[in-house]
Amino acid sequence: MTRESHNANLVFSKPSALPWERKVYRNKHGRGLRQATFGIRLPRYRTKSGAFDGMVVAQLKRLNAAWPELLRDVQCAVEDVPASAPVSWESRRVVLSQSFPANHGIPARIVLYRKPIEQRARDRIDMQFIIRDEIVARLADLTGKHPEDIDPDWGF
């Protein structure tokens, strides 16, 4: 089969249709069938953990704009779930978040637990409020301030 006769047998779809809008299209070499996994307009490119991290960063930016001196020496982390057994120096079991004061050159830390917060939240807006309240409560624990002094909307 010559190159000209091979090219004549190819069927091209409309040039206006994007590959993920077509039902089925061929790969680069014309051998196998390939279907789009998801289009760029679908929200699958963003994972649950990525969306959660984005909410935490948004709250930290908001608090940093109001209280830059409070967050200067504080690290914030997100973990999926808390440790299965409380550490020996913990007096109570914290489910949604934890704060660790600065110790021996290690800066103060706030740890938020993603899965328990997601389970408690009814929707995304509720999750944002829970994240805000947990960060403010842990900052209050670390600094000795009342949460209402850090964020007047705390707890609403």
Side-chain angles (χ1 to χ4, degrees), residues 13-25 27-28 32-156:
S13 60
K14 295 184 249 179
S16 63
L18 297 171
W20 52 84
E21 291 175 344
R22 287 184 242 145
K23 187 173 182 181
V24 175
Y25 63 97
N27 68 3
K28 181 172 144 180
L33 295 176
R34 186 181 276 183
Q35 291 182 338
T37 311
F38 54 84
I40 58 172
R41 286 173 264 156
L42 295 175
R44 291 282 181 207
Y45 64 91
R46 186 91 189 246
T47 61
K48 278 185 173 183
S49 62
F52 187 88
D53 292 345
M55 288 183 209
V56 171
V57 168
Q59 291 300 324
L60 289 171
K61 282 182 180 178
R62 187 184 67 82
L63 286 170
N64 193 34
W67 295 91
E69 66 276 359
L70 284 181
L71 291 173
R72 185 177 321 132
D73 298 327
V74 176
Q75 293 179 347
C76 191
V78 174
E79 292 188 13
D80 286 338
V81 292
S84 58
V87 194
S88 60
W89 60 83
E90 289 181 343
S91 59
R92 60 177 165 70
R93 177 86 174 146
V94 178
V95 177
L96 300 178
S97 65
Q98 238 176 339
S99 61
F100 300 97
N103 193 5
H104 300 295
I106 298 172
R109 289 169 286 162
I110 296 173
V111 180
L112 296 171
Y113 299 114
R114 182 176 64 88
K115 296 266 187 189
I117 291 174
E118 285 177 346
Q119 289 174 352
R120 183 166 294 179
R122 293 183 303 265
D123 54 11
R124 289 179 62 88
I125 294 172
D126 191 34
M127 190 175 349
Q128 289 175 347
F129 288 138
I130 292 172
I131 290 170
R132 178 201 65 187
D133 289 348
E134 288 298 317
I135 291 173
V136 170
R138 296 307 138 233
L139 274 174
D141 288 346
L142 290 173
T143 60
K145 295 180 180 281
H146 291 286
E148 294 88 5
D149 294 339
I150 297 172
D151 188 353
D153 294 333
W154 180 81
F156 288 116

Contacts of type side chain to side chain contact (heavy atoms under 4.5 Å, CB included), residue [X], not counting sequence neighbours:
| X | answer |
| --- | --- |
| A140 | P147, I150 |
| I106 | R109 |
| E79 | V111, Y113 |
| D73 | none |

Roughly how far apart are [X] [atom1] and [Y] [atom2], rounded to 0.5 Å?
| X | Y | atom1 | atom2 | result |
| --- | --- | --- | --- | --- |
| E134 | L96 | CD | CG | 4.5 Å |
| D141 | S99 | CG | OG | 4.5 Å |
| D133 | I135 | CG | CD1 | 10.0 Å |

Taking all non-hydrogen atoms of both residues into account, name the closest pair between L139 and L70 and its distance.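 Minimum heavy-atom separation between L139 and L70: CD2-O, 4.1 Å.
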Considering non-hydrogen atoms only, spot the tightest contact between W67 and D149 and give its length.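 Closest pair (atom of W67, atom of D149, distance): CZ2-O, 3.1 Å.
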Is there side-chain contact between F52 and I117, with heavy atoms separated by less than 4.5 Å?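 Yes, at least one pair of side-chain atoms sits under 4.5 Å.
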Side-chain polar contacts of residues 55-65 - donor-acceptor pairs under 3.5 angstrom, sequence neighbours left out - could you list them?
| unit_1 | atom_1 | unit_2 | atom_2 | d |
| --- | --- | --- | --- | --- |
| Q59 | OE1 | R62 | NE | 3.1 |
| Q59 | OE1 | R62 | NH2 | 3.2 |
| R62 | NH2 | D151 | OD2 | 2.8 |

Determine which pairs satisfy side-chain hydrogen bond (donor to acceptor under 3.5 Å, both in side chains) with at least one residue from residues 115-130, sequence neighbours left out, and list them in order.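 For residues 115-130: R114-E118.
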